[in-house]
Amino acid sequence: MAEPDKLSVGTEHQPQPGGIAARAMAARVERAYLAGLNPEQRLAVETLHGPVLVLAGAGTGKTRVLTTRIAHILSLGQARPAEILAVTFTNKAAREMKERVSVMVGETVEGMPWLGTFHAIGVKILRRHAEMVGLKPDFTILDTDDQIRLLKQLLEADNIDEKRWPARILAGLIDGWKNRGLTPDKVPAGEAASFAAGRGAQLYAAYQERLKVLNAVDFGDLLMECIKLFRERGEVLGQYQQRFKFVLVDEYQDTNVAQYLWLRLLGQQGGNICCVGDDDQSIYGWRGAEVDNILRFEHDFPGAKIVRLERNYRSTGHILAAASHLIAHNEGRLGKTLRTDEVPGEKVTVTGVWDSEEEARAVGEEIEELQREGHALNEIAILVRASFQMREFEDRFVTLGLPYRVIGGPRFYERAEIRDALAYLRLVNSPADDLAFERIINVPKRGLGDATLQCLHDHARARRIPLFEAARIIVETEELKAKPRTALRDLLATLTRWSAQLAALPHTEIAEMVLDESGYTEMWQRDRSADAAGRLENLKELIRSMEEFENLQGFLEHIALVMERDQGEDVDAVSIMTLHSAKGLEFDTVFLPGWEEGLFPHQRALDEQGRAGLEEERRLAHVGLTRARRRAKIFFATTRRIRGTWSSTAPSRFLDELPVAHVEVTESKGGFAGMGGYGGYGPSRFDDATAFGSNYTTPGWQRAQSRRDRRNDGFDEAADADAAAPRQRGRADRSAAARGREARQGGAFRSPLTIEGELVAKSTGTVSPFGRGDRVFHQKFGYGEVTFVDGNKLTILFDKAGEKRVVDSFVQRA
DNA sequence: TGATGCTGCGTTTTT
DNA sequence: CGCAGCATCA
């Protein structure tokens, strides 16, 4: 094995690195990065040759091993950065790895061109050899929405009843086939028959053909077309096999069949492939991940070494014991025993509550208590099984004025406004982009509806020309009525004008011009719904992100894969997310609500996947618990409203699978009694209120910060940034002890009101600046009317969201 | 083209 | 029960 004896190893492969001094330095650097590793990690890092599977339990330093391994390869001179293929699933993971490697290796090493997501690397390869698979190098990448629209057209053309056979189901099937590496001719007959009376595979084939005509690929194709390329063009495959001296794979348990095939093709030759994963964290079976890939590793890569990382550096003893004991109930696993040197710490708590409302209240209470003890909200997370559970928490936190952020939801580039904007830009860049053309032809509304589009389609199809070309012709005829004809002519002229400017102006300016002159920005400016402001902000963000690219072309080539919305972690707030999106994260305190049969494990997982489903749910529970560093708090409700009707629920079987010695069953602090239930807390909290002085760590200050940041979107931040300093805290004029908490909240919230500028003076008083009948705007609920004022708490009847009680600093005048 | 009413559905999500 | 997506009507 390559012990730190790099001289002998190095001289073989490496171009002479320099004199003795350089080597001495390299040796010192190397010692530094290897020093902190435990023996297993070190083994995983230093076993460079041959296939290696690193079974890395939660919190055992998986990313560290991967990044150190790269650093090691580089510093031994075994490969140059461009000769290492390192794949991840998410852009985030790729980014983090890049950062950590560059920190370790030093800034002198140029970036690693082949470190990225499966898809990003797939695109890169595909663009180089596009012609070989029937594409042009500037092919577009379709998102799910485009995909479905395309399939809709195919179904229509085939006279298939779209209600019986929805396009999105077909899209799902095709995705699934691609995940499994199946081309249309390889789809099992039974499955192909299941859609549209046996026409499934035929539609899949038609779809692929259509994609080629449009010079487009979907996400699945990024891998499928690569595989096809590698299989058909041995010389191309050979070229890459030779290039990649080392292959590293993150989250191997999440790979699907296509990814596996892709990896095997690329990694076979050199055989230096290192996969890191944890079968106990495989939670994406439902979207094609094959746990089998990891279970079969030794078989697939003969001579593989397996390294287990079992030392957990994240969680305290009780938490780790609970998680380990729980996951031991799974049968289909390779098996690991996590251990820690940490103190036992706090036991995992299990709290029964009456319903979801009480659950949210109890969690809110505990968070406020943690907050009072000085814990940062950033270190607290609520992990739910299904996103509908989030609402209750959001409602409660809005009422409390407790800052939170929801992680997940639609991705940045999936948002309508971003896709619209991109469609405009795509069209300016290449007028033949029919999907883009269709998308924006009537956005904003210009009176070009279905009839016009139909007409364009007919012409385009008949003459086999793009819609844009068809439009040019039609505008010169009498076919369309005067109004749409003029509108269409205008649109064409504008598009042409923009395209003409492409060479002359910087691409960001083009983008601004396009969004402005198309009336698109204006459309959202006029929109009065709650999220319009956010959409405009997203558009700005889009243009900002364009600056990183050289030109429009370059931007468009990458954007579909790289765009991510940043989550603003600079604000101190509780995170709310699903268990799935929590994978890979960690928090001091983790709340795990909703541990009830039917919800968690989810009924559907049980019904549809049987024991495999149950095991995946259990892995999800394991993921949830292992996110916690110091506190894991589980809740279950006795009653839950499911689809409108209340039903009583049984505690999750997972609760019975927790080890009694490491769990503490607690009473709900919210209390079953409902309204009066704050009993024990009122007075002490009230007293505490005065303790919240004006230092910068108080909840109030943090909320002011969060408030300020949230507004940081083109209103008037400069003026009020300073004014948002903590001004006045807890008010002592509330006599009811039970109200103490609210009073404190109110006081804490006073300061952000200065944002309104003219309210600086008033804002220090106890009376809300809002009155009955005021029209207000709220970030989440949109527009509404104040119906009742109680100090700083407003009851507002929202136009869309109904009646809510909200702390006044969360709203502004409409 | 917008508004209204009806039907159907209701877990998790990256690229 | 509540919402989204669709169809139909004014």
Side-chain angles (χ1 to χ4, degrees), chain A residues 87-94 116-123 141-148 152 161-164 166-169 172 175-176 178-179 217-224 226 250-251 254-256 258-259 262 282-289 383-391 407-414 442 444-452 483-484 487 558-564 577-584 594 598-609 613 616-617 619-621 623-624 640-647 800-802:
Chain A
V87 278
T88 64
F89 275 83
T90 63
N91 289 311
K92 193 174 160 219
T117 62
F118 277 99
H119 294 84
I121 290 168
V123 183
I141 300 164
L142 302 191
D143 58 41
T144 319
D145 205 64
D146 290 328
Q147 208 182 132
I148 290 170
K152 255 186 191 152
D161 181 9
E162 233 238 273
K163 269 203 229 86
R164 268 193 75 192
R168 36 186 302 280
I169 300 291
D175 261 1
K178 287 183 178 177
N179 283 159
V217 296
D218 63 20
F219 286 122
D221 286 336
L222 295 176
L223 290 162
M224 286 290 284
C226 267
D250 190 19
E251 306 275 19
D254 286 339
T255 49
N256 59 36
Q259 284 155 342
W262 189 91
S282 164
I283 55 175
Y284 286 110
W286 50 273
R287 69 174 195 208
L383 310 183
V384 298
R385 178 60 185 60
S387 44
F388 72 81
Q389 293 172 264
M390 293 181 182
R391 225 188 85 173
I407 313 269
R411 255 127 298 298
F412 189 77
Y413 62 81
E414 258 173 36
N442 204 26
K445 301 256 183 293
R446 3 178 120 83
L448 299 172
D450 284 347
T452 311
K483 246 198 204 155
H558 289 283
I559 206 58
L561 296 173
V562 178
M563 282 300 284
E564 268 179 292
M577 69 189 98
T578 63
L579 286 159
H580 282 92
S581 32
K583 198 175 73 155
L599 177 58
F600 193 35
H602 199 278
Q603 194 57 47
R604 243 169 113 160
L606 302 180
D607 291 347
E608 288 167 19
Q609 304 292 330
E616 184 153 311
E617 294 286 292
R619 291 194 287 267
L620 206 44
V623 165
R640 197 170 282 271
R641 201 165 48 174
I642 302 160
R643 298 205 261 287
T645 43
W646 291 92
S647 35
K800 298 229 169 86

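Per chain, numbering begins at 1; letters A, B, ... match sequence-line order.
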How would nucleotides 9-14 of chain B be written as a contact map, 5' to 3', with B for base contact, S for sugar-phosphate-only contact and - for no contact, using protein heavy atoms under 4.0 Å? -BBBBB
[X] side chain to [Y] main-chain N or O, any donor-acceptor pair under 3.5 Å?
| X | Y | value |
| --- | --- | --- |
| A:Q147 | A:L142 | no |
| A:D254 | A:A289 | no |
| A:E162 | A:A167 | yes |

Closest heavy-atom contact between A:L599 and A:F388? CD1-CZ, 3.8 Å
Please name the pair of heavy atoms, one in A:E616 and one in A:I283, separated by the smallest distance, quoted to 0.1 Å. OE2-O, 3.0 Å
Evaluate the ring planes of A:W262 and A:F118, with Trp represented by its six-membered ring, and classify them as parallel (under 30°), tilted (30 to 60°) or perpendicular (over 60°). perpendicular
Is [X] touching bases, backbone alone, or none of the nucleic acid, heavy atoms closer than 4.0 Å?
| X | value |
| --- | --- |
| A:G220 | nothing |
| A:K483 | nothing |
| A:N442 | sugar-phosphate |

Expressed as a whole number of angstroms, how long is the span from [X]:[atom1] to [N]:[atom2]?
| X | N | atom1 | atom2 | value |
| --- | --- | --- | --- | --- |
| A:I148 | C:dG5 | CD1 | P | 10 Å |
| A:E162 | B:dT7 | CD | C1' | 15 Å |
| A:R164 | C:dC6 | CZ | C1' | 18 Å |

How far, in whole Å, is B:dT12 from C:dG5 if one measures between their C1' atoms? 22 Å
